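Source: prediction; values computed, not measured. Nothing fancy with the numbering, it's 1 onward along the sequence.
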Amino acid sequence: MTFAELVDRVGSKGPFQLLHTVLLGLPILGMANHNLLQIFTAPTPAHHCRPPPNASAGPWVLPTGLNGKPETCLRFVYPPNASLPNDTRGATEPCLDGWIYNIVDRDSIVTEVRPEATPPCASRELPHAWTGDQAGGLVSLGPGTGCRFGRKPILIFSYLLLGASGSGAAFSPTFSIYAVFRFLCGFSISGISLSTAILNVEWVSTRFRAIKSIAVGFFYTFGQFILPGLAYAIPQWRWLQLTVSVPFLTFFLLSWWLPESIRWMVLSGKSSKALKTLRQVAIFNGKKEEGEKLSLEELKLNLQKEISLAKARHGIADLFRTPVLRRVTLCLSLAWFATGFAYYSLAMGVEEFGVNLYVLQLIFGGVDVPAKFITMLSISYLGRHITEGIVLLLAGGCILALIFVPLDLMTLRTVLAVFGKGCLSGSFSCLFLYTSELYPTVIRQTGMGASNLWARVGSMTAPLVKITGELQPFIPNIIFGTIALLGGSAALFLPETLNRPLPETIEDIETWSLRAKEPKPEPEAEKSSQRIPLQPCEPGPGPS
């Protein structure tokens, strides 16, 4: 009996699975607020150079840029009425005395805690990349940490850390302190993402893994609906930061009701506790008799293969041990990088489309509903690698199409961006499930951690690439679209996992690949039709 069959005995689609999905999903709803928070807390308001202290009381004329608008990062060295030679009268200099911001409807970290050396001219696109939250994701809670301490403790600690560090960021007096707290936020978000993805698929049968994975993804979608409402109601960035952080202290308390991974408990020598948990789940699902039939010996016997494998030590080098694993790791890494890279280029660029920021964020969240639903149907019937390849190729095509759409056709540009963002949201949903299915149990945590790392690298790189738009406006979209196309092409080379049990060993992955290459047996009816019919015997000579 496999572990999936054990779960079926105690109930794999009962009330426990519903409660389990809600307990894992509610923090994901709040995590959407944290991931996209800086759209509303770190916008750069309209601004211009502050006049020098010795300037006259009259208006200080600003130099004009090539677009005919006043420069935001330069000022005249001398007052306009100074008696100077013509060659020096128009001399300009950077904003040496800071900036004057036109704060209309909401304040921003740009106007309060960012250092005078960087805002907003020295790094126009850097706030989203370097305030620490994406960088913190790079230092994820470690590929081997979940194997050492269990999935549940890491998840509980991450909830507490996100609540505490997010709240601390709201009270930051300086940019350096703010960046440290946001770094810790990214650190904890990574731990939540990895632990949730693994715990989420363990308590359901093979057929329902896709449904449960997409169901948790919908919580992230609904979180995108909540954020614009909160931002509209709370224009002060500190209070907004605090509002989205405090709920994680509540999630920290609720998470104690979540059960630990049964596989991890057995592999860690806690078989008695694993048996007790299985019986509690059976009672909750109305299968008390089936739970009482389970015994410690039966549990150890069914998971004997995994117990023996746990004695061997595995590390990140195992991701490249065999040809199939090397292909899986390289293709998944490119797909994760491309998804994070392109997703944040659209999600963090909502100001570029000339639509009301709050409305556009609602639209961006709304497109995720049909996107995730279509993704769920596609991965359940067409398969994982086809779905992942298609959504990334479509997203790349939309981003490249933006190059040829004039800036005055803002509606068409918004439609393309929204459709592309929906495809990338579907890509994320597919990848979280697909990655957990491709890597065997012995290196699943390692594989998930390494894959998530590439998504964080992509999201960090995206704002830096946008700076190339100062050379030519179309360069960023060429880079974003091309990388998305490469990620979609790489996904097509991954093995399919539809209707297959979770692999336990590295050998299981190799077996999958070999079976996929074997020719499919012909149906019996087709074989019989191809048989050579027996020829009737020629009659022998008759009697004379």
Side-chain heavy atoms of Tyr220 within contact of Leu29, under 4.5 Å: no
Minimum side-chain heavy-atom gap Phe252-Phe157 below 4.5 Å: no
Test of ring centre spacing under 6.0 Å for Tyr358 and Phe40: yes
Least distance between heavy atoms, Arg182 atom then Ala169 atom: CD-CB, 4.4 Å
With sequence neighbours excluded, residues passing side chain to side chain contact (heavy atoms under 4.5 Å, CB included) with Ala490: Cys331, Leu334
Tyr178 ring center near Phe181 ring center (under 6.0 Å): no
Any side-chain heavy-atom pair of Phe432 and Met448 under 4.5 Å: yes
Aromatic ring pairing Phe248/Tyr159, orientation class (parallel under 30°, perpendicular over 60°, tilted between): tilted
Beyond-backbone contact of Pro495 with Leu438, side-chain heavy atoms, under 4.5 angstrom: yes
Where Tyr381 and Leu498 come nearest, the two heavy atoms and their spacing: O-CD2, 3.9 Å
Flag side-chain contact, heavy atom, 4.5 Å: Leu377 against Phe373: yes
Leu393 vs Leu485 side-chain heavy atoms within contact, under 4.5 Å: yes
Qualifying residues under side chain to side chain contact (heavy atoms under 4.5 Å, CB included), relative to Leu362, sequence neighbours excluded: Phe225, Pro228
Heavy-atom closest contact (Gly223 atom, Asn33 atom, distance): O-OD1, 3.1 Å
All ring-ring contact (aromatic ring centres under 6.0 Å, His included) counterparts of Tyr439, not counting sequence neighbours: none
Side chains of Thr387 and Tyr434 in contact at under 4.5 Å (non-hydrogen atoms): no
